[in-house]
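This report concerns only the one structure given below.
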Amino acid sequence: MDVPGDGELIELEEAGARVLVLGGARRQPAADAVLRGLIAEVSGVPADDVELVHACGVCGARHGRVGIPYPLTASGASWFADIAVSGDATVAAVATRHPLGVGMETATLDSGEVIDEAAFHASERAALAELDPARRALVRATLWARKTALLRAVGHTDFIEPSRLALSIPGDDGGAGRIVRSVPEFGSAWQQVRFHDIAVPGNRAASVAVIG
């Protein structure tokens, strides 16, 4: 399949990435079909020839971003790609230079104290508490989408508790987030991570994490 005509194609020029947003249709295309279509669009190969691997290259488990054995980029390297689906919304992203991951979450007014303590750093919870409930729900969802995207971009690693990471607060960082408190497992790479928030239909938040 080609990139659907009703999809929105977004260029993240600084990250060297392209993002496709689909939403609103009663019946969305399958995630793999969307990703193949996007890679075909940017690489120039037929969508049917695009190969996707959903197994981690280190442990074989189904986690982290999607692997692309074929096609290769013009330099002979692998494409970086990922996709997230939530209800009738789909966000796919591809890049040639930097690892990336995609996260998407539904905004809820109250996710529960226990869940928030497991998901968010103390500084993030304090910032959320200062917001009015309507804005808090979307900011919370955006923070969680960012962390999901980051862990997918990183791929195979020792388990990292999301609450150990503190990110800049959506709305205060212009939609291009960063890590403000990291963990030793990330080494110095955390300084190169940027989160690009993507507008999606419905009561949702989406973000593309790019490493580099």
Side-chain angles (χ1 to χ4, degrees), residues 9-21 31 35 38-39 42-43 52-69 71-85 90-105 119-121 123-124 141-170 172-200 205-212:
L9 195 59
I10 302 169
E11 297 274 355
L12 301 179
E13 294 183 1
E14 293 184 3
R18 293 186 184 181
V19 180
L20 176 66
V21 180
L35 198 50
L38 178 57
I39 295 170
V42 298
S43 68
L52 307 179
V53 174
H54 293 282
C56 172
V58 177
C59 67
R62 190 183 175 99
H63 69 94
R65 63 179 182 270
V66 181
I68 314 294
L72 299 178
T73 67
S75 66
S78 296
W79 287 86
F80 297 107
D82 199 21
I83 189 165
V85 179
T90 300
V91 177
V94 296
T96 58
R97 302 196 306 267
H98 305 296
L100 56 75
V102 180
M104 184 159 46
E105 297 294 331
F120 304 120
H121 190 275
S123 63
E124 295 171 330
T142 304
L143 281 172
W144 188 232
R146 288 178 174 185
K147 293 190 178 188
T148 299
L150 174 62
L151 295 178
R152 289 186 61 80
V154 170
H156 188 90
T157 186
D158 293 332
F159 178 74
I160 296 174
E161 296 178 8
S163 61
R164 294 171 59 202
L165 289 170
L167 310 185
S168 58
I169 302 302
D172 295 341
D173 56 20
R178 64 192 187 280
I179 299 174
V180 295
R181 290 185 179 85
S182 186
V183 293
E185 292 92 328
F186 284 166
S188 61
W190 67 272
Q191 300 176 56
Q192 303 170 350
V193 175
R194 289 296 179 268
F195 302 95
H196 302 270
D197 299 333
I198 305 297
V200 290
S207 191
V208 176
V210 181
I211 304 176

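The analysis underlying the following values was restricted to heavy atoms, covering all of them including side chains, and did not include hydrogens, waters or symmetry mates. All residue numbers refer to positions in the sequence shown, counting from 1. This is a predicted model, so every value here is computed, not measured.
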*Begin with the C-alpha distance, continue with both residues' side-chain angles, and end with the deciding distance and a verdict on side chain to side chain contact (heavy atoms under 4.5 Å, CB included) for Val208 and Phe195.*
CA-CA 6 Å; Val208 176; Phe195 302 95; over 6 Å; no

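Using a 4.5 Å cut-off on side-chain heavy atoms (C-beta onward), Phe186 and Leu150 make contact. Counting only heavy atoms from C-beta outward, the side chains of Leu38 and Leu9 approach each other to under 4.5 Å. Side-chain contact check for Asp197 versus Arg146: some heavy-atom pair is nearer than 4.5 Å. The side-chain heavy atoms of Ile169 and Asp173, taken from C-beta on, include no pair separated by under 4.5 Å. Counting only heavy atoms from C-beta outward, the side chains of Ser78 and Leu72 approach each other to under 4.5 Å. Counting heavy atoms from C-beta outward, Val53 and Val66 have side chains that stay 4.5 Å or more apart. With a 4.5 Å cut-off on side-chain heavy atoms, Val94 and Ile68 do not count as touching.
For Arg18, the salt bridge (Lys or Arg N to Asp or Glu O under 4.0 Å) test picks out Glu11, with sequence neighbours left out. The salt bridge (Lys or Arg N to Asp or Glu O under 4.0 Å) test applied to Glu124 returns Lys147, not counting sequence neighbours. Residues passing the side chain to side chain donor-acceptor pair (under 3.5 Å) test with His121 are Ser123, sequence neighbours excluded.
Distance alone, capped at 3.5 Å, places no donor-acceptor pair between the Ser168 side chain and the Gly177 backbone. A donor-acceptor pair under 3.5 Å is formed between the side chain of Arg65 and the backbone N or O of Ala153.
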